[in-house]
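Chain identifiers are assigned alphabetically (A, B, ...) following the order of the sequence lines, protein sequences preceding nucleic acid strands; residue numbering begins at 1 within each chain. Because only heavy atoms are used, hydrogens play no part in the values below, and waters and symmetry mates are left out as well, while side chains stay in. What you see is a predicted model, and the numbers here were worked out from it, not measured in a lab.
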Amino acid sequence: MVLPRKTLDAWMPKAWLLAGLACTAALQSCSGEAPVNQSSFSSSELSDLSGQLLEVLDDGAELFSAPAQPDLPADLSAHSGAQFESFSLETVLSLDDEASQALTTPVAALIAQIDRFALRPVSGPNEAEPDDNGSQWRFDGIMRSRVFVDSVSSENLPTGASDTTASGHRALGALRNVELSESVQRMALDLAGATPQSLWVGADRLDIRVAGTNTSPCYRSYRWEAALSPMQRIALDFTMESCPEASSLGELNTWAASAVEVSGALTSLDGEGEASVTALSGVAWFRQSWGNVPSGAGAVVIDTLTLALDDNSHLEVSRSKRRSGRGPKTVSATLHAQGKAPTSIELMWEDSAESLLAASGSAYPQSIALRSADDSLRVTATVMNRLSEANTGSDVRAHVPVVVTGTHTGVGFVSLTALPVDGSDQVGL
Amino acid sequence: MGYSGKMLSRISAKRRTIEKVQADLVWQPHGAPLLILCKPSTMRRLVMVAALTLLSGCNSSDQSASNGAAAKVVAAESADIESLDTSNGQVEKELPPIAQIATAISEIVDTSDLAGARAEQWSAARFATAGTIAAAQQRPGDSEEGRRALVEEPYVSCGIPERVYRQLLTASEATPIEGRYAEADGLPYSVNVSTNNDDVRIVSNNCLTCHGTELFGELVVGLGNEFLDFTNDASLLVERAGALVQGEDETRAWELYADRIGAIAPYMRPHTVGVNPANNLTFALIAHRRAKDNAWSETPLLPLPPTDVPPVSVPPWWRMAKKPAMFNLGEGRLDHARIMMAASMLCTDTPQELEVIDAYAPDIRAYIASLTPPAYPFPVDQGLADAGGDVFRANCSHCHGNYEGEGDYPARLVPIDIVQTDSTLVDFAHGPGLPYIDWFNRSYYGELSTAAPGPGYVAPPLDGIWATGPFLHNGSVPTIAMVLESGQRPRYWQHDVRDASDKASYDQVRLGWAHTVLDIGKSAASDVHIYDTDKPGYANVGHLFGDHLSDDERVAVIEYLKTL
């Protein structure tokens, strides 16, 4: 079909949009009478969390006006008037040695996300401001923070590592025991909030600064802080030096910055309250989405893979699947080779026969094999350590780090819907 | 009036030879000896349906010659056709050999001279002989009503739910067409909107997707779009649009459309942006339909066409008033309206649905026949054009017609041995294409029309030719100057622009869109914008009839062509 001239290249950020970013579907506006208590949930409880969210919300999403097409750099700011807004950061981290030089071996991967759901339309310049922030019974929105960390190689200490590095490595290795952290707060009493410069959910926050000497109109600097556990906290700084790719799909807009350099630290408290700091650096994918949340599940789901490869290239792959189980599964891939313009390539995507069982009972492929049409790229992306599921409202999906082996090595992230459970090849909710 | 017995005997002998060769051919989707199909154009894509192609009989010509060089043509099987030796760009004998078919009438013949088994298997297949194609009476129609139907009626009855389509649409894409129903406000000229049986409003491509072009900022209805990109997997975009589809009714509507696109997507991906896959996608649709009632079968009922899609340049609609037969091989005989209805083949599954479309199809044909070409928008040296007219009448009119006064158009179906252009379509017509010809003639479409491909290509009328580049049936030659001087044709090239919007990108000297000649082809670069004449079906050989002209004569003819 000759669809509107949306290019395939533009599908990647959209795919992510659909895949997992937001879509805690059907979040709709209401007067917000039943407060949602601050909560943290383990991955096995996510379905219940989404259920609670949905119960709180009423009809009225249509009252939100459709967002305009992305307009950068103006749209790099927070979108307080939108029904839904989400920032996400996916990063692969390495330890820094004493000279602040990143060691080459990735040691951890982190996925962080902050979402804001407006509960009723607001208007005017201060539309994000609740009418009365002094009552827990009056609030205009709900926010959610998710953090998931997985270690890549907790056992393999880099050769020649100093004591400090070794200590940091152990600290990172301990993150294996950190469950997915998710907290939900109502936007009242400063429990959570959003301004053009900051979003916060409890102790997790994203700060945005425009200041800097960079002349790019899209220059922004960011700090993302998240509590991984009562004893561990991570802070990552990064900047966006140029304007990212922006696009829209439906009533959701997005922009995405790839291969962003990050640096920061993991702070760990020991049993006596002594803090040890582990310097980190890495590469990240950073995205913002905003608009109106789809009112239901689409007929097609999108699985995605984002890989950082050892030749400094980045590969973004998406696959479509019909919920009905019928029709073709289509794969789209874009290769971002260093110093070159992004290129669409043809890839085969094959789920492994081996599967992993998630806490929800859903099964996911343990690995995914990718092969380019010219056979120059043959890699397998394997779930790093463990599964973590998220209920997006329209889908339950695993969104976890992967390790890449084959003609290229590397790490990355996958966002997958579950394998069919009844042999029908249908995609379940 | 027909061929002499001697001539018919030769044609039959040719066919038998071809038949023997083709019987030995194994279906080879990639590479291999040229079997691909032919056809002309017509609607497309999503809709994509289109044209119906029929094949024709002829001999397989030697495709090894390329780039305007060479091609020693030995019309050995036709004593009435002179040999050409164009190896030096010079004609060995007096031109034009085409004069030899001046008295022949293109006739429709059956398959009785084919090898027995194939003739029996595809007994409804028909071919046409070379010569002048006689006019066929067309059903009357109301052109004004036809224009309305063209841009409003759901002759392509499946598509993307309107709600989803509008979400995918950006303002810059929504070039409208004036004077149609309010439901289409905000939608581009290339789609129609309608309501299906589940009350889901759907958007589907209309004929203007391929047969309309924004030329210098203004929509020209009927001008084939030579910049469309079919190189992507059509299924990819349609499937992903499904992510926005919601609810049972929308899902049902979208899934019908997605299924059909999925069935033909592998057969409609040409190598190069700008060429059209209408032939192949039509054959793929035919393969899934039962001839007697047009019913769709998930499992193909006929062999599917090759996935190495032969390219076709979309001819302009305004020539239809002159053309007695549709398509490059002149295969669309008799009632044109019924043939044009093949544009509905994507999702029209019952005779009842076909009858509804047939009620207004003659109106659409009448509208198409009423179109006139856009005037050349740049200055013309009238004195030079007058001189060029003399050269044209002496060298070109025999096939392409006269344009003085009332004018005349001979509608000559020129044997491939004479025109020598890429024979892929012709070759396919006589081999793997037989089942599709047979199907058409047994189908609802065949009740009023006949598919009968000729043994070569029809020399088209040249009205508005300045706007229709690139040239030849496969769009292999970027400018008219290169059509007239084969030695100048580039082996690898690409357009410098991505659409027809910029006057500055039009080459007023050579007539055609600005392009760049390249040193490398598809084997060395994957750029979908490269036109690689080494690819099967993409050859730029043949039509050497301007090579004997002097440079001054060619310049004069080019000036004259601006006035048509």
Side-chain angles (χ1 to χ4, degrees), chain A residues 1-12 14-15 17-19 23 25-26 66-70 247-253 291-292 294-303 318-333 343-346 372-374 394-395 427, chain B residues 44-48 156 158-161 163-174 187-188 190-191 203-205 209-210 225 228-230 232-248 250-255 257-263 265-266 346 526 528:
Chain A
M1 147 145 208
V2 181
L3 282 173
R5 194 172 297 177
K6 297 290 187 183
T7 65
L8 291 179
D9 293 343
W11 265 102
M12 218 33 229
K14 291 172 194 164
L17 203 60
L18 291 164
C23 305
Q69 295 289 312
S247 63
S248 63
L249 185 62
E251 292 188 352
L252 282 173
N253 293 334
N292 289 339
S295 57
V300 164
V301 296
I302 309 285
D303 295 334
S318 65
R319 175 182 65 174
S320 71
K321 296 190 295 189
R322 293 191 201 177
R323 288 186 192 278
S324 66
R326 303 176 63 246
K329 293 173 180 155
T330 65
V331 177
S332 173
T343 306
S344 293
I345 60 173
E346 293 199 26
S372 63
D374 63 4
S394 56
D395 302 305
V427 178
Chain B
R44 130 314 247 280
R45 212 146 174 178
L46 176 358
V47 176
M48 285 174 184
V156 178
C158 61
I160 298 284
R163 187 189 59 78
V164 174
Y165 187 92
R166 287 187 183 272
Q167 289 182 19
L168 292 168
L169 197 63
T170 62
S172 60
E173 296 168 323
L187 295 176
S190 56
V191 300
V203 171
S204 49
N205 283 87
T209 303
C210 292
N225 192 329
L228 282 178
D229 184 357
F230 287 95
N232 291 313
D233 179 358
S235 253
L236 188 61
L237 290 176
V238 174
E239 290 294 327
R240 280 151 199 254
L244 297 174
V245 170
Q246 295 182 354
E248 290 183 7
E250 269 195 9
T251 297
R252 193 178 306 112
W254 167 81
E255 200 153 35
Y257 174 70
D259 284 348
R260 299 295 167 87
I261 292 296
L346 187 66
S526 59
V528 293

Residue list, side chain to side chain contact (heavy atoms under 4.5 Å, CB included) with B:Pro266, at least two apart or on another chain:
B:Thr307

Return the minimal non-hydrogen interatomic distance between A:Pro328 and B:Glu239, and the atom names on each side.
CD-OE2, 3.3 Å

Could you please spell out the steps behind the side-chain hydrogen bond (donor to acceptor under 3.5 Å, both in side chains) verdict for B:Arg240 and A:Ser332?
CA-CA 10 Å; B:Arg240 280 151 199 254; A:Ser332 173; 4.6 Å; no

For B:Thr251, enumerate each residue passing the side chain to side chain contact (heavy atoms under 4.5 Å, CB included) test, keeping only those at least two apart in sequence or located in another chain.
A:Ala299, B:Val245, B:Glu255

Heavy atoms only: give me the nearest B:Leu236-A:Val331 pair and the separation to one decimal.
CD1-O, 3.8 Å

So does B:Asp259 get a backbone contact from the side chain of A:Arg326, meaning a donor-acceptor N/O pair under 3.5 Å?
no

